[in-house]
Structures are given as C-alpha cells and as structure tokens.
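A short worksheet on the structure shown next.
Below, chain A is the first sequence line, B the second, and so on; all start at residue 1. Just the heavy atoms: all of them, side chains too, but no hydrogens, waters or symmetry mates, feed the values below.
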Amino acid sequence: MSLSPTVTDLAQLKDRPAVARLMAWKSEAVQGAKFDRDELSIYVGRDLIREACALLQSDAATKFNFLSDITCVDLYPSEPRFEICYHLLSHTRKERVRLKVKLAGDDPSVESITSVWSGANFFEREIFDLFGIRFLNHPNLRRILMPDDWEGHPLRKDYPVEGYR
Amino acid sequence: MPLPGIATLDVTENTMILNMGPQHPSTHGVLRLLLEIDGETVVRMVPDIGYLHTGIEKTCEAKFYQQVVVLTDRIDYLCPMTNNLCYVLAVEKLLGMEIPPRAQWMRVMLNELTRIASHLVWLGTHALDIGAMTVFLYCFREREEILRIFEMVSGQRMMTSYFRVGGLAMDAPLGFFEKVKKFVDIFPSRVDEYEGLLTGNRIWIERLKGVGHLSAEDAIALGMTGPALRASGVDWDLRRDIPYTGYENFKFKVPVSQDGDVWARYVGRVRELRESIGIVKQALEGMPEGRIKADAPKVVLPDREKMKTQMEALIYHFKIVTEGFTVPAGEVYQAIESPRGEMGYYIMSDGTAKPYRVHMRSPSYANLQALNKMCEGRLIADVVAAIGSIDIVLGEIDR
C-alpha cells in the first residue's frame, strides 16, 4: 500500500488549469486547494460558487462542461459545519475537479447553480431534503426523497438514528 | 395540504392533471408522474420519487467498510456487481491499494455479464411496455443463464456481494470458465433473435422513431449519462475515457448516435450487448493466473486454509471481522460506467473503521430529470416509451 502525501500548498497547485483560471479571475475566490489521491479539490468562497462554476464551464482552458454530482458532508460539531462538494467533469480533457464550499451551521445557505446546469436541480433538492441546506434562487426547492411533512434532516450527524421521539 | 407536486402545477382551463403511478406497470417500480395534459398531449410532467427511500447512505455510516458492500447490492438490484465494483474501487483508492491482475480481469468479466443481464431486463420490459410481449420471455431466458453464472461464482443469484475491498471473495469454482464460454458462444445468435423480433418490426419502429427527442446540449445540461447520453451524440464512455480496473486492456467500440430519440437508445443498447460479450470473450481468453486478493493482511481476509494452519492468519481474521480495518483520512470520488450511466461513490473517511460519509451518485437519479424534456408536447403513450428508454431503476433513485 502506498499513498503519496497530500498537497495542500496553494503555491504548488497554482499551475493546474482550474486553480490558475480561478486565481486569475478573482484571487479571493480560491480559499485553498488540496491534491490528494489523484483528485483536486478547490475551496471556493460561498458567494462566488455560481460564477466560479459558470467560469469553469465556459472557459477554453478548463472546459468543465459536465456536472457529475453535488453532495454534502456534515462535520458536526466542528465549524464551519457543512461542506458542499461539486464534482465537475470535462469531457474533452477527461479530467475531474471537486469544488468545495464551507457553510456555517447557523446559516446554511448557498446560491443555487441550476442556472449553470439545470441538472443540478435534483441534487440540490436532495441536499436540501437530507441536510437542510437552502439553495437560493432554486426554482423548486421542495423535499424530494422524504415525505413533505417530515421533520428534521436525516443525514445530519445530530439526527437521532431512531428518529425524533 | 396539497399533494406533493400538484402545488407547483398551476392548471389552466384547458388542462387537467393525470396521476401516473406509483403502481403503474410501465413506471418500472414505484415512480409517480404527475402529468398535466391537454387532451392527449402532455404539457408538463413532474416526477415524484422517494417511495423506496430506505436511507442507505445513513446506514453506511454505521457499518464497517467491508459491511457496506452488502448494502451496495440493494441500490440497483439489476446490476449488483457494478455497484459492488464502484464501492470497492473507491475504498481501494482511499487505501491506495494495488489489485492483482486476475482479480481485475474477473471484475471486468463479471461486470460485463452484469451489463448484459441489466440490458436484457431493460429490453424485455421496454418491449413489454410497448406491447411486444414475446421479447420479454426471450430476454429472461438468457438472463437466467447469467444468474446461474453468478450463483456459481458467488452463491447468490441477485445480491452477489462478490467483490471485496482488495480483490474477490474467492476464486472462480471448477467449471466456471467453461460455463461462461458456453454462454459467450451462444449469446450473439440470441441477440440476432431479439433483433429479428424488433428491429425490422414496423410497429416497433413507429413507436420508437422520433419519440422522446433530447439534444446533446440538453443531455449534458441535465446531467444525463450512459447509453442515453451516447444516443444524443456525445461520445463519452468512462470505460474507455477514464479507464478503471484494467479496462484499458480491452478493445471495444462505443456506439454513438446523433438521433437522440428512443430508437437511438434502443439501437445503442443492443450494440452494447454485442460489445459487452466481446469484452467477456477477451477476458476469458486472456484471464491471467495468480492471486485474487491483494497482499494486505490487515485489510483482506486470509484464505480458509491458512486460517486452519497459521495462528497469525486466524488473528488477522478475528480482528478484521470484529473491528474492521481502518482507512486513512481523506475523500475520494470514484465513478464507473454502469449499464445506466455514471455510477459514482463519494466516500469521506475520518481515519476510523467506518466511513464518515458515503454518497452514491446514481445514474438513474440524474437521468430522470431529462424525462420532462423528452415528453413535453408528446402523447401520453410516448411517455411510456420514453420511461423505458432511459432505463431507470427506482432502487437507486431513492436509495
């Protein structure tokens, strides 16, 4: 078994097209980056995620034309509590990148990227349903997997495994 | 309180709501569709899902890494091996593990057999929905053969759980490869039989051609993957473009069509049947000898014979079964080409023996979003054809 060490130094990663393009656009957009197990993660500022996605989608150097997946991780009890992961894929460059947004537990909201990829709709609804993250400007933010009258958000770490009593 | 979905449809004077499912036979499980119709024409469609939601992602957080394999079968019950593979690949990536070639080739072979079995269920039920009942019986005849092969190798017909983190559960039994060989020899002629029943059939052509059209731009925007994406003209297959578990050693063609309709999806999947059997054949011919488990005693269960003769092996076995194995902290996203599209596992580890977070990116979930686009302005009867053509499995949509 061999794992190469994780690279978290932004200076070493700034040559990667996705990091370079975002840095050139707005240096405050990139809050950090990580290269671990052949996967690149970029921490993006919360207010800039939609524009960052639109930029990486259309830019000729990055061409991340496809949204594979959006998911969320609850890091309870540490703060910022939530991490939203956007997995983008480039069909032409055959490369993936993961954008991450950190959200505080007392204000878990982020702008929806449905205007960039309409396929984000169901993914964001799922995260809203199971984690209680609000996606601003989402066209139809309703529960999707749980019943409409369900209380609580089951995938949160403080959600009791046997349900609320 | 209004019914879910109804509230979002503001019905005009000329339209009405038709409720289709969740018990409708052509919704492939428990999919409920709210159709706003104007006469026979569909104005809008809202899918309502969640009837099969069992919280598998939450359950995974309470299990050891090796126990999760059993849960992954249950997501998509038509292609259990694919789900097993995607999960174990993700964990192996977290561990940084090398898998012996024989295990990899067995994985490829069984994966392609799973793809064939899954496509056969799709073809049978799709034809049944549209009214060609004979095809269903033909397809299930060959699927039965594949299930027997699965039973031989894993002891189970459907919930195989055959792949393990670090390799396979056990080596193939005696007579296994002969059985697969027999199937490989006979299968292409069976595909000819299905095509004989359908491809030239005028009713079949009329019901499929030009129905449920989806452009390449829409397919990409809506997160469509798999045969349905390729039918819309996007030349993308993860097996070829981002190879995993040794797919780079195999030669196969990726069928692509520019038509983007239900017919193109049908033709593409039937061609995939032929390509898949070619991959199985290559795997049979080139199957390497050697170990089927990685050399990692703290992760992989020892062989039965060693446990009976070596104290150390017995200790490792006891520790793995009772305490699990720890995985270095980190996160990975591993995607593979399932029969339906991009199956992805996002796993986050916090360094303990249980995953901190497991997320499954199921292809049917994303593909379902495209249904509205395919059916708008079409007849209700075309909705049935469109549902069949994206090949959804509600188990993996609801998880």
Side-chain angles (χ1 to χ4, degrees), chain A residues 1-4 6 34 36-39 41 57 65-75 83 85 87-98 100 114 116-123 125-127 129-130 139-140 142-150 154-157 159 161 163, chain B residues 1-5 7-8 46-50 52-53 55 57-59 61-62 93-98 218-225 229 234-236 241-242 294-296 298-299 328 330-333 335 342 344 346 348 350 356-357 359-361 365-366 368-370 373 397-399:
Chain A
M1 279 187 276
S2 59
L3 280 177
S4 40
T6 309
K34 187 174 74 171
D36 181 25
R37 297 170 170 96
D38 287 332
E39 292 184 14
S41 310
Q57 180 201 35
N65 61 330
F66 191 80
L67 174 75
S68 273
D69 184 33
I70 310 177
T71 187
C72 180
V73 182
D74 181 7
L75 300 169
E83 274 185 2
C85 309
H87 293 104
L88 313 188
L89 168 70
S90 167
H91 280 158
T92 42
R93 293 174 52 237
K94 300 179 182 179
E95 193 182 292
R96 291 179 190 279
V97 70
R98 180 188 298 122
K100 298 187 92 177
T114 41
V116 185
W117 286 286
S118 45
N121 189 329
F122 271 24
F123 293 121
R125 273 179 73 185
E126 183 187 331
I127 297 171
D129 189 358
L130 303 177
N140 183 20
R142 292 186 296 119
R143 284 191 183 271
I144 187 165
L145 294 176
M146 305 299 285
D148 274 14
D149 54 353
W150 194 263
L155 277 182
R156 287 190 173 190
K157 288 282 178 184
Y159 184 88
V161 179
Chain B
M1 198 178 134
L3 283 170
T8 59
V46 176
D48 182 21
I49 58 176
L52 278 180
H53 181 60
E57 290 180 9
K58 185 86 174 172
T59 314
E61 293 171 9
K93 200 168 173 188
L94 271 171
L95 286 161
M97 209 176 219
E98 290 282 329
D218 283 340
I220 286 176
L222 288 162
M224 197 101 185
T225 46
L229 178 71
V234 182
D235 191 5
W236 180 256
D241 295 319
I242 308 180
D295 184 22
K298 286 184 177 167
V299 175
E331 58 187 336
V332 291
Y333 177 78
E342 178 176 325
Y346 171 78
M348 184 185 242
D350 58 352
Y356 187 78
R357 168 96 172 100
H359 171 72
M360 296 127 186
R361 188 264 189 223
Y365 187 75
L368 185 62
Q369 298 188 82
K373 201 94 192 168
I397 290 180
D398 294 341
R399 285 159 283 145

Residue [X] versus chain A: region with a heavy atom under 4.5 Å:
X	value
B:Tyr365	both
B:Ile242	side chain
B:Glu61	side chain
B:Pro47	side chain
B:Glu342	side chain

Inset, instruction - With rounding to the nearest 0.5 Å, note down the distance linking CD1 in A:Ile144 to CD1 in B:Ile49. - result: 4.0 Å

Engaged part of [X] at the chain B interface, taking heavy atoms whose separation is under 4.5 Å:
X	answer
A:Arg143	neither
A:Glu126	both
A:Arg93	neither
A:Leu130	side chain
A:Asp129	neither
A:His91	both

Identify the two heavy atoms, one from [X] and one from [Y], that lie closest to each other, and give their separation to 0.1 Å.
X	Y	answer
B:Ala296	B:Met97	CB-CE, 3.6 Å
B:Asp350	B:Tyr356	OD2-CD1, 3.5 Å
B:Tyr333	A:Arg98	N-NH2, 3.4 Å

With chain A as the partner, which of [options] has the greatest number of non-hydrogen pairs under 4.5 Å?
options	result
B:Ala221, B:Gly50, B:Gly223	B:Ala221
B:His359, B:Met224, B:Met348, B:Arg399	B:His359
B:Leu52, B:Thr59, B:Asp235, B:Leu94	B:Leu94

Sidechain-backbone polar pair: [X] side chain, [Y] backbone, donor-acceptor under 3.5 Å:
X	Y	answer
B:Lys373	B:Asp218	no
B:Gln369	A:Gly119	yes
A:Asp74	A:Lys157	yes

Leading residue by heavy atom contact count with chain B [cutoff under 4.5 Å; candidates [options]]:
options	result
A:Met146, A:Gln57, A:Lys100	A:Lys100
A:Leu67, A:Asp38, A:Leu75	A:Leu75
A:Ser118, A:Cys85, A:Ser41	A:Ser118
A:Trp117, A:Phe66, A:Phe122	A:Phe122

Legend entry - Qualifying residues under side-chain hydrogen bond (donor to acceptor under 3.5 Å, both in side chains), relative to A:Thr6, sequence neighbours excluded: A:Asp36

Inset, instruction - With sequence neighbours left out, write down each residue that passes salt bridge (charged side-chain N to carboxylate O under 4.0 Å, His left out) with B:Lys93, or none if nothing qualifies. - result: A:Glu39

Legend entry - Pair A:Ser68-A:Arg96, side-chain donor/acceptor within less than 3.5 Å: yes

Inset, instruction - Answer yes when B:Glu331 and A:Arg37 have at least one side-chain N-carboxylate O distance shorter than 4.0 Å, and no when they do not. - result: no

